[in-house]
Amino acid sequence: MRIVKGVDEVSITEDAVARNRALQTEWYGEPLGDRVRPLLARLGMSQSGLAGVLGLSAPMLSQLMSGQRAKISNPAVLHRLMAAEELVADPAFDTLAPVEVKARLEEIKAESAATTSGMRMTTPERVPSGRPSSGAAPSDETSGRDGHRPGGRRAAESARLVQALLREVASAAEIEAAAALIADRFPDLAEVLRVYGNGRTGEAEAHFARTVLKEAPHDQTVMP
């Protein structure tokens with residue numbers, strides 16, 4: 001009987017992992033293990049090192065990657081994960097020195113927590129375009145580092161915040177269903193749900209730059 005119980009427990013555990021991975025695919029586009037492992041390889045980091053950047057304990061990150069847990073409960077953690085993914089996806093990433101990568105990761109670790117918890121949305125009214133705030137270092141946008149990205153770093157950070165919020169409160173299917181319900185009467189609002197809820201980060205950044213930062217499409221530099 002003890003052997004049968006052990007087999008049953010293993011079966012239940014496997015079913016739970018499969019269910020959690022399916023939920024992760026619905027919520028985050030793919031299982032978190034499949035998202036995090038390439039990130040670890042690109043950054044050359046251990047799980048515990050990345051966990052520190054994301055604001056998780058190493059065991060918690062391991063459970064999320066293995067499917068023992070399904071949901072990232074803190075929106076700030078999802079925001080940091082998306083920021084780290086964007087960092088390694090940047091064409092300029094391979095040209096960064098290790099000390100620069102470390103500095104960018106420290107920015108992600110520090111800024112994401114502040115901007116997500118306080119929902120700080122940087123707009124032209126708060127920080128004039130092309131002019132850093134008093135006492136602040138020039139942003140990537142003004143220095144030209146992120147010139148290839150619509151709206152630069154401001155649009156990227158703000159767009160990720162909206163993405164993290166929507167994806168925390170609803171699944172991809174729920175967001176699409178909500179968009180479909182209002183599309184006829186409120187097409188612009190439906191577009192917001194689809195772009196930020198289910199679209200790529202680059203699409204969300206471009207939308208934020210166009211609608212909030214008021215950047216015209218011809219102001220955007222298109223990379224070959």
Under the side-chain contact (heavy atoms from CB on, under 4.5 Å) criterion, do Leu161 and Tyr196 qualify, and how do the steps go? CA-CA 9 Å; Leu161 282 173; Tyr196 292 90; over 6 Å; no
Passes side-chain contact (heavy atoms from CB on, under 4.5 Å), Val192 versus His207? Steps please. CA-CA 8 Å; Val192 167; His207 185 277; 3.8 Å; yes
Worked check of side-chain contact (heavy atoms from CB on, under 4.5 Å) between Leu39 and Leu81: CA-CA 9 Å; Leu39 189 58; Leu81 174 61; 3.7 Å; yes
Step by step, work out the side-chain contact (heavy atoms from CB on, under 4.5 Å) result for Leu40 and Met65. CA-CA 12 Å; Leu40 292 172; Met65 292 178 63; 4.2 Å; yes
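The structure places CD of Glu85 at 10.0 Å from CG of Leu43, a figure rounded to the nearest 0.5 Å. Here Gln68 contributes atom CD and Met60 contributes atom CE; the two are 11.0 Å apart, rounded to the nearest 0.5 Å. To the nearest 0.5 Å, the span separating OG on Ser171 from CD on Glu176 amounts to 10.5 Å. Atom OG1 of Thr95 sits about 7.0 Å away from atom CD of Glu100, to the nearest 0.5 Å. Expressed to the nearest 0.5 Å, how far CD1 of Ile72 lies from CG of Leu32 amounts to 4.5 Å. Atom-to-atom distance recorded for Leu50:CG and Arg37:CZ is 12.5 Å, nearest 0.5 angstrom.
Contact record, Gly55 with Arg80: CA-NH1, 3.9 Å, taken as the closest heavy-atom pair. Summarising the geometry of Ala164 relative to Pro75, their closest heavy-atom pair is CB-O, 4.0 Å, with the distance given to 0.1 Å. Closest heavy-atom contact between Ala173 and Glu26: CB-OE2, 4.0 Å. Closest of all the heavy-atom pairs between Arg194 and Ala183 is NH1-CB, 4.2 Å. Nearest approach of Gly33 to Pro38, heavy atoms of both residues: O-CD, 4.4 Å. Heavy atoms only, all atoms of each residue included: Ile175 and Gly197 are closest at CD1-CA, 3.7 Å.
Asp34 places a side-chain heavy atom less than 4.5 Å from the side chain of Arg21. Residues Phe93 and Val101 meet the side-chain proximity criterion, which asks for heavy atoms closer than 4.5 Å. The side-chain heavy atoms of Leu64 and Val36, taken from C-beta on, include no pair separated by under 4.5 Å. Contact check for Arg42 versus Asp94: side-chain heavy atoms found under the 4.5 Å cut-off. With contacts defined as side-chain heavy-atom distances shorter than 4.5 Å, the pair Leu193/Ile182 qualifies. In this structure the side chain of Leu87 reaches within 4.5 angstrom of the side chain of Leu105, judged on heavy atoms. In this structure, Gln24 and Arg35 have side chains that are not in contact, with every pair of non-hydrogen atoms separated by 4.5 Å or more. Tyr28 places a side-chain heavy atom less than 4.5 Å from the side chain of Lys71.
Listed by chain and number, the residues in a side-chain hydrogen bond (donor to acceptor under 3.5 Å, both in side chains) with Thr25 amount to none (sequence neighbours excluded).
The neighbour count for Arg167 CZ, taken as heavy atoms of other residues, nucleotides or ligands under 6.0 Å away, is above 12.
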